[in-house]
S.K.: 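Following this message is one structure expressed as structure tokens.
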Amino acid sequence: MPDKKKFQLPLQSRYDKLRYRSSTSPPVSSNQEENMTKEKEGTSPATVGTRNVSPKDPDEHMEKRSSSILSPMFDILKKSRSPKPENYKGAIEELWNKFRTQDDNLRALNNTLDQQIAEKEALQKKVDENSSMAQESIAKLQNELESNNQRLQESEASKAVASPSRNEIWRKEIANLRLKVLELEKKLKKAYRQLEESKATKVASSSSHDAARREEISNLRPKSEPQAEKIASEHEEEVAKLQEERDNLAIDNTSLEAILASEKKDMMDQIKRLKLELIESKGNFRSWLRLRPPQNDLPRQAITIRGDQQVEVIDRNRNKKSYDFDRVFAPEADNTTVFHDLSEILESTLQGYDITVLAYGQTGSGKTYTMSAMLNMALEQIFRELEKSYGTDFSVNGRCIEIYNDKVYDLFVTAQPLKASGLCTSMWPTSDRYLSAQTDSLSNFQAFQEMVEKVEKNRRSGQTEKNYSSSRSHMLLSFQITASKEEASGAVTTTRSSITFIDLAGSESMKEVEDRTEETQAINSDLSAIKTVLTSMGKKEKYIPFKNRQLTRLLDDRSNKGKVLFIQTANIAELEQSVHTMEIGGLVSKVTQKKPAKNVVTEFAATGGSEEVPQSKPLTGCSTRGRGTERGGRGITSRPSTGSRGTSRGRTGK
Ligand SMILES: Nc1ncnc2c1ncn2[C@@H]1O[C@H](COP(=O)(O)OP(=O)(O)OP(=O)(O)O)[C@@H](O)[C@H]1O
């Protein structure tokens, strides 16, 4: 980029000098014009050898030196036969005024161009970032898809879930996405090339303009008015050209931004859809392992993490054994890293799927630590998304229970176990047999935080060998979300889903327990009931023993219709207990569930008729209790189905 000062300053100083010489202001012209007249008359001090200004005065000396630059012009003026040299002064003055105006215009244009170039460069940077982000996501998706395919090939059961033709479609879509990214990159390269060219033109035109003007100035002679006009019109042309260039650049930038925005949106939508499909392809039952760092500087045991899906252990007999998971989090992974993966799964909550997240592991292995962070971040994300997409047209209801010694307690109340809970298979009225627990209507994230604060105080805890503050009950915190949106067609689409976080009580060896035998026995029975259910599901047995314990009974509905994520927590310093926990992962991976139910209903207000969104199943059968706004028949829900619409907060006893 040319240094504008370089050519503008000399120009200015020459202009000043010319002004100085041609003006009639007293310090300059009176003496000189007097001298000129005297010179003409042959009485000039120079001709008589006397001067009326001291040559020792440095300022005056400088003035004389600078005015000597214009001496050729004055020589002409002196020698000219023209009787009116002041006419030329006027012409020069006018010419300079024009130059000055042009100069101002050019400077303003230069600034605008600089700004536009900077904007374009920033845009380019943004585009580079976006395209590398998209590339990264696509590469990640591709990797996940490949490893998923590999795993699908290994597992016969999984093969049935994701047919090769489906994978072929994904592969094609990913290839299309890649092509799109490449096209976008090409467009950007072209835009960048144009930018470079216009920069070069600008530099060239600025410097040639500068040189031309320098020459004009040095050759400047008070020739004639037409000459001045010619020069001025040349400059006008140049200014017009630059203005056109500036306008073109602005149009270019705007259209480039619009193309980018729409392409980015398209790509993001496709990536989001692919991610969801990928998540679904991995089955409804997912299993993660989170290894916590050792306490009290205990050495790490022989647990080796292989990539992000496998761990290898060496048992007492020095035998190697490996365990596979959908995701393994090393002890260094913090809660934000774990949530990053969970947030992808959460996206399907707002698509109408029921999600259950369970933390399973030894006492002190980090279940509560993980679950409270996940719960908090998840609800924050859910409220953010709901507010963004539905405004206030949504409702979130919360319930919280604990299961202690096979009995259900409402954590809003605690005193007595809930009556008839032994028959209940659901936390919400999505089935006939649901718990009659109290409901908090949550209008925002803050209301959720207050609810958690309240129920946590009521949860049973005790001291175990490994954990000073150990949860001695299973806590189930569940949220039912209903959201409605009016489509462009006038139809109203209502999505209903629920998300349940289950912080299981930690398993403990009976040898380590003295006075809490009943409690510990109940916990261990619940945990082994979960294992039994998983084993039966993995074997696709006809009868799945959900009814064995209260805990598993409440998992019945959710396991059959929703998505389930087991987060196994283990201490990397405790080999034996960790191996017990990790075995759950093997059971989970064998469970291949049918497609989960998606609870989305579209209703046309004008006709009163309803239409289900393709691929969705009708909402689960209606209960006669407390479902005033729900209708029978095809299991269609008018909106909102339950609770308030996200505007007021209050508890509704059921
Ligand atoms: N990943 C981790 N990083 C750092 N500290 C952790 C981590 N996981 C757990 N802890 C700490 O270890 C202690 C025990 O964790 P936590 O209470 O979550 O265990 P738990 O599995 O819920 O145990 P219990 O089953 O006995 O309730 C807590 O002080 C917690 O802060």
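Note that these values count all heavy atoms, side chains included, but never hydrogens, waters or copies made by symmetry. Counting starts at 1 for both ligands and their atoms, in listed order. Starting from 1, each residue takes its place in the sequence as its number.
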S.K.: Please table the atom pairs, donor to acceptor, closer than 3.5 Å between any side-chain atom in residues 530-537 and protein atoms at least two apart or in another chain.
M.R.:
| from | atom 1 | to | atom 2 | distance (Å) |
| --- | --- | --- | --- | --- |
| Thr532 | OG1 | Ser528 | O | 2.8 |
| Thr535 | OG1 | Lys531 | O | 2.6 |
| Ser536 | OG | Thr532 | O | 3.1 |
| Ser536 | OG | Glu541 | OE1 | 3.0 |

S.K.: So among Ser287, Ser578, Ser365, which one has a side-chain hydrogen bond (donor to acceptor under 3.5 Å, both in side chains) with Gln568?
M.R.: Ser287
S.K.: Mind checking whether Pro293 contacts ligand 1 via backbone (N, CA, C, O), side chain (CB onward), both or neither, at a 4.0 Å heavy-atom cut-off?
M.R.: side chain
S.K.: Ring centroids only, cut at 6.0 angstrom: are Phe566 and Trp288 within range, meaning strictly under it?
M.R.: no
S.K.: Looking only at distances, please establish whether an N/O atom of ligand 1 is found under 3.5 Å from an N/O atom of Gly364.
M.R.: yes
S.K.: Using distance alone, determine whether Arg292 and ligand 1 share an N or O pair under 3.5 Å.
M.R.: yes
S.K.: For Thr482 and Arg496, which I'm curious about, is there any donor-acceptor pair between the side chains at under 3.5 Å?
M.R.: no
S.K.: Gln438 and Asp410: side-chain donor and acceptor closer than 3.5 Å?
M.R.: no
S.K.: Residues in salt bridge (charged side-chain N to carboxylate O under 4.0 Å, His left out) with Asp556, at least two apart?
M.R.: none
S.K.: Check this for me - ligand 1, Asp503, N or O atoms closer than 3.5 angstrom, yes or no?
M.R.: no
S.K.: So is there a nitrogen or oxygen of Thr370 less than 3.5 Å from a nitrogen or oxygen in ligand 1?
M.R.: no
S.K.: Provide the number and element of each atom of ligand 1 under 4.0 Å from a heavy atom of Gly506.
M.R.: 25 (O)
S.K.: Mark the output for Gly361 as yes if a heavy-atom distance to ligand 1 is under 4.0 Å, and as no if none is.
M.R.: no
S.K.: Taking only heavy atoms of Gln362 into account, list the atoms of ligand 1 that are under 4.0 Å away from them.
M.R.: 21 (O)
